[in-house]
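Some notes on the structure that comes next.
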Amino acid sequence: KKKEAFRILITLFAVNHLVHFYYVSLNFKSHSLTLSIAENLHGFITFICILILPFILWSFKNLNRLLYWGIILHLFNVSYFINHTFLSKVKPDKPAYHNQFGILVISAALVYILYRIYRENKPNPAANK
């Protein structure tokens, strides 16, 4: 059930980002700005990975080691990118508390991911006896 919930949440996250990109592109167009891949290469790669991951997750029945570490890397990359975006909106004259709260929540989620990685990969002394 956890695997299915994860697949659904990642798929909804991708759909959310498609909608978000649509509105960002409308905003750029209304201000006569251009979206440049070269200037936003990390964002472009991250966006493509967000869109591709649901297809990968729905294609594989089992989680192999490469896919496991790829998902972990993806989650950290997306978290870094979102935190970087939130942090850019926090200014001395504009504290943007909702963005600070978002940074806190994402950082707590990353700590939890690290804890789960440790718990799932720690050596089992009972297995060596």
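Bear in mind that the values here come from a model prediction, so they are computed numbers and not experimental data.
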With rounding to the nearest 0.5 Å, note down the distance linking [atom1] in [X] to [atom2] in [Y].
| X | Y | atom1 | atom2 | answer |
| --- | --- | --- | --- | --- |
| Phe44 | Thr46 | CZ | OG1 | 10.5 Å |
| Leu57 | Leu9 | CG | CG | 11.0 Å |
| Tyr23 | Asn27 | OH | CG | 12.0 Å |
| His74 | Trp69 | NE2 | CH2 | 16.0 Å |
| Ile45 | Ile37 | CD1 | CD1 | 10.0 Å |
| Leu26 | Phe21 | CG | CZ | 10.0 Å |

For Val90 and Phe86: C-alpha separation, side-chain torsions, deciding distance, then whether side chain to side chain contact (heavy atoms under 4.5 Å, CB included) applies.
CA-CA 7 Å; Val90 177; Phe86 285 170; 5.9 Å; no
Can a salt bridge be assigned to the pair Lys1 and Glu4 using a cut-off of 4.0 Å between side-chain N and carboxylate O?
no
Could you tell me which non-hydrogen atom of [X] sits nearest to which non-hydrogen atom of [Y], and how far apart they are?
| X | Y | result |
| --- | --- | --- |
| Asn83 | Gly102 | OD1-O, 4.2 Å |
| Asn121 | Ile117 | ND2-O, 2.8 Å |
| Arg7 | Lys61 | NH2-CA, 4.1 Å |

Are more than 12 heavy atoms, taken from residues, nucleotides or ligands other than [X], located less than 6.0 Å from that residue's [atom1] atom?
| X | atom1 | answer |
| --- | --- | --- |
| His42 | NE2 | yes |
| Tyr80 | OH | no |
| Lys29 | NZ | no |

Between [X] and [Y] (side chain of the first, backbone of the second, donor and acceptor by atom type, cut-off under 3.5 Å), is there such a pair?
| X | Y | result |
| --- | --- | --- |
| Lys91 | Ser88 | yes |
| Asn77 | Leu73 | no |
| Lys89 | Lys94 | no |
| Gln100 | Pro95 | yes |

Honestly curious: do [X] and [Y] fall in one hydrophobic cluster under the side-chain, below-4.5 Å linking rule?
| X | Y | value |
| --- | --- | --- |
| Leu87 | Ile106 | yes |
| Val111 | Val105 | no |
| Leu53 | Leu110 | yes |
| Ile103 | Val78 | yes |
| Ile50 | Leu12 | no |

Would you please indicate yes or no on a ring centroid separation below 6.0 angstrom for His17 and Phe13?
yes
Decide yes or no for Leu114 and Phe76: does some side-chain heavy atom of the first lie under 4.5 Å from some side-chain heavy atom of the second?
yes
Do Phe47 and Asn40 have side-chain heavy atoms sitting under 4.5 Å apart?
no
Ile71 vs Leu63, side chain to side chain contact (heavy atoms under 4.5 Å, CB included): CA-CA, chis, key distance, verdict:
CA-CA 10 Å; Ile71 291 169; Leu63 186 66; 3.8 Å; yes
